[in-house]
Amino acid sequence: MDFSSTISASGLIQQFLIGLSRSTILFIVSSGLSLVLGVLRIPNVAHGSLYMLGAFLCYSIATLVGAGSTGFWVGLALAPFCVAFVSLVVERALFSRLYDREHLMLLLFTFALMLLCRDAVKMIWGSEYRSLAPPEALQGSLSAFGMMFPKYNLFLLSLGPVVAIGLWFLTHKTKIGKIARAAAVDRDMVGAVGINVSWVFASVFVIGCFLAGLGGALVAPTQNINQGMDHTLIMEAFLIVIIGGLGNVWGALLGALIFGLTDSMGILVWPQFSIVFPYAVVVIALIFRPKGLLKATW
Amino acid sequence: MVEAKGYFKIRTVALLSILLVVLAVAPSFLPRFFTYLLALALLTGLLSTSLNLALGFGGMYQFHHAVFYGIGAYGVSLMLMKTSLPPVTGFILGPILSAILALIMGIICIRLSKLYFGMLQLSLGSLVWVVIFRWYSFTGGDDGLHGVPIPSLIATVTGSYYFTLIVTVCCMAILYMIVNSPYGRILQAIRDNPERSASIGVRVRAHQLVALVIAGFFAGIAGILFVSVEGSAFPDLLSWTLSLELIIMCLFGGWFTFFGPMLGSAIMVGLRTLVGGYTEYWTLVLAIILMLLIYFLPEGVLGYFQGLGANPKNTSAEDR
């Protein structure tokens with residue numbers, strides 16, 4: 001009895017850590033989604049596909065460069081920029097012509113992008129599972145307090161706050177962030193004072209997609225890289241953004257923590273139904289606060 | 001789009017009766033596979049028409065319509081497999097379950113509008129999906145339920161086809177009457193201007209809620225038809241991708257037309273089979289079609305042809 005309780009205590013902490021690092025990934029991806037949703041008011045369904053693209057690109061660049069851990073670092077550094085570049089091209093060539101259409105059309109357009117990405121990935125990378133080893137410096141575990149902490153998870157944990165603060169700084173302290181927040185509230189007014197709103201939207205969209213790519217590249221060493229990645233993630237990211245409040249970076253953080261932790265803790269309580277817990281929590285939160293826990297931008 | 005009183009124009013009546021006759025005799029000419037495909041197109045058409053009641057006529061962003069379809073299918077499958085009640089009760093209970101779920105989800109979501117409505121519904125729907133996806137002991141989890149004991153009368157391909165045809169035609173007639181009833185008019189008035197409708201004394205929320213329940217009910221009927229055709233139910237029926245595909249079907253045929261979604265579904269089901277025969281990249285083709293549609297044909301196929309029609313007063317664009 002005593003034995004089992006100690007197991008569960010350390011298991012609890014370890015599960016907590018896994019949940020936290022999962023939350024970090026979810027936060028990075030969904031903060032990008034939240035940014036796009038908050039400023040452009042577009043539910044970007046293709047966001048999950050860009051995340052998947054980020055993971056595949058990170059894998060490919062890493063194997064192309066090779067040479068152990070440098071490959072991974074190069075992949076991690078380049079993949080998000082590749083994703084951002086793809087999104088910039090798509091935004092300028094196709095998306096920017098649709099901004100005055102109904103939201104539903106924009107949603108369907110991003111759905112078309114998602115389908116396009118899915119088959120493009122299938123064409124380029126095939127349908128096998130890929131896996132990528134974390135760099136040597138981050139392999140293995142640190143042991144502390146008699147427990148093992150995987151180094152890569154700690155690395156992810158340290159990155160979460162960096163992204164959060166960086167994003168907050170970008171939206172609240174820089175000029176483009178302030179313009180973007182103003183454009184979220186009243187697009188026409190911002191245009192009337194002589195700011196090129198179209199380019200503001202483009203840059204916000206690209207930053208959002210960059211974050212999706214970054215999340216994908218970061219997740220690559222922790223799980224199998226496969227075609228179903230986009231599907232599961234986009235749903236979770238949407239729920240996180242909705243409970244957090246649209247366009248609110250801290251809301252995305254809160255939502256990601258709620259989602260990741262209920263998921264990982266749920267496994268201890270009721271393994272078979274663990275995936276149900278986060279969804280149930282989201283629904284309960286939304287019944288009481290249908291517009292999200294924190295303040296939305298619009 | 002539709003004249004204030006009259007039901008159909010002569011041309012439409014003629015077209016519809018020809019279509020009905022063709023559909024009624026089709027199974028004696030077509031190979032089994034095409035009969036099955038036709039049944040599938042019909043029930044998908046019913047499903048997207050029911051979605052269009054909420055989406056096109058009600059103006060509500062019903063993002064997760066497939067949930068009601070899936071619940072109808074699971075309702076009847078579970079009743080047939082796990083109980084010994086007469087099969088008819090299962091076929092009646094399926095749609096009723098969908099309607100109840102639509103009522104519950106509607107009460108929660110109706111407080112919000114547009115995109116917020118859609119996203120709240122999306123999260124509620126995905127909760128339902130995930131429960132069905134995981135509840136192995138009851139719903140079969142991700143495998144779904146297979147080998148549902150369908151009553152022998154409608155177990156054959158032809159039998160299930162005629163069952164689907166008759167039920168679909170009846171349901172389409174009822175939906176058509178609903179859309180053209182005073183209630184349907186009020187619903188469209190709410191879509192066009194909720195504030196003004198409220199100010200002349202229309203109970204906006206109540207009317208929208210009724211539309212959601214009706215849409216859910218008919219989606220449930222499409223669900224039981226699917227089970228009678230396919231003999232199985234699986235979690236993909238409730239998937240979000242399917243919901244989005246249904247929206248595409250509505251878009252394809254035309255939002256603001258009654259028969260548009262039916263046409264769109266038929267085209268989509270046909271295309272999927274046709275393209276699927278040549279290439280494994282069906283989703284790529286779908287994506288390109290969708291993009292072309294959004295750019296060049298936002299009113300849909302039927303909406304486009306109606307717009308070309310002789311009487312410019314009848315264009316769907318103006319009806320918006």
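So that the names make sense, note that chain A is the first sequence line, chain B the second, and so on, each numbered from 1.
Contacts of W282(B) with chain A are made by backbone atoms alone, with heavy-atom separations under 4.5 Å and no side-chain atom involved. When heavy atoms are compared at a cutoff of 4.5 Å, L113(A) approaches chain B by way of both its backbone and its side chain. Residue L104(A) touches chain B through both its backbone and its side chain, counting heavy-atom pairs closer than 4.5 Å. Residue Y61(B) touches chain A through its side chain alone, counting heavy-atom pairs closer than 4.5 Å. When heavy atoms are compared at a cutoff of 4.5 Å, R111(B) approaches chain A solely by way of its side chain, counted from C-beta outward. Using a 4.5 Å cut-off between heavy atoms, L108(A) contacts chain B through both its backbone and its side chain. With a 4.5 Å cut-off on non-hydrogen atoms, L122(B) touches chain A through its backbone and its side chain both. Residue contact with chain A, scored on non-hydrogen atoms closer than 4.5 Å, is absent for I289(B). Contact annotation for L94(A): both backbone and side-chain heavy atoms come within less than 4.5 Å of a heavy atom of chain B. Looking at L112(B), the atoms closer than 4.5 Å to chain A (heavy atoms on both sides) all sit in the side chain, from C-beta outward. The part of I108(B) that comes within reach of chain A is its side chain, from C-beta onward, which places non-hydrogen atoms under 4.5 angstrom from that chain. Both the backbone and the side chain of F109(A) have a heavy atom closer than 4.5 Å to some heavy atom of chain B.
Heavy-atom contacts from other residues, nucleotides or ligands closer than 6.0 Å to CZ of F85(A) number 12 or fewer. Annotation: W125(A), atom CH2; neighbour count of heavy atoms from other residues, nucleotides and ligands within 6.0 Å is above 12.
Using a 4.5 Å cut-off on side-chain heavy atoms (C-beta onward), L37(A) and R41(A) make no contact.
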Could you go through the salt bridge (charged side-chain N to carboxylate O under 4.0 Å, His left out) check for R22(A) and D263(A) one step at a time?
CA-CA 9 Å; R22(A) 177 79 190 137; D263(A) 192 16; 5.1 Å; no

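In summary, the side chains of S198(A) and S96(A) do not present any donor paired with an acceptor at a separation below 3.5 Å, with no hydrogens or angles considered. Judged by distance alone, the side chains of H65(B) and S50(B) do bring a donor and an acceptor atom under 3.5 Å apart.
Per-residue counts of heavy-atom pairs under 4.5 Å with chain B were compared for M123(A), K122(A), R97(A); the largest is that of M123(A). Considering only heavy-atom pairs separated by less than 4.5 Å from chain A, the leading option among L244(B), I288(B), L55(B), V285(B) is L244(B). The candidate from I243(A), I242(A), V282(A) with the greatest count of non-hydrogen atom pairs under 4.5 Å with chain B is I242(A).
Using the six-membered ring where Trp is involved, W129(B) and F133(B) have ring planes that are parallel, under 30° apart on the 30 and 60° scheme.
Annotation: W240(B) is not in aromatic contact with F111(A) [ring centroid separation under 6.0 Å not met].
Relative to the ring axis of W199(A), R92(A) places its NZ or CZ within 45° and under 6.0 Å from the centre.
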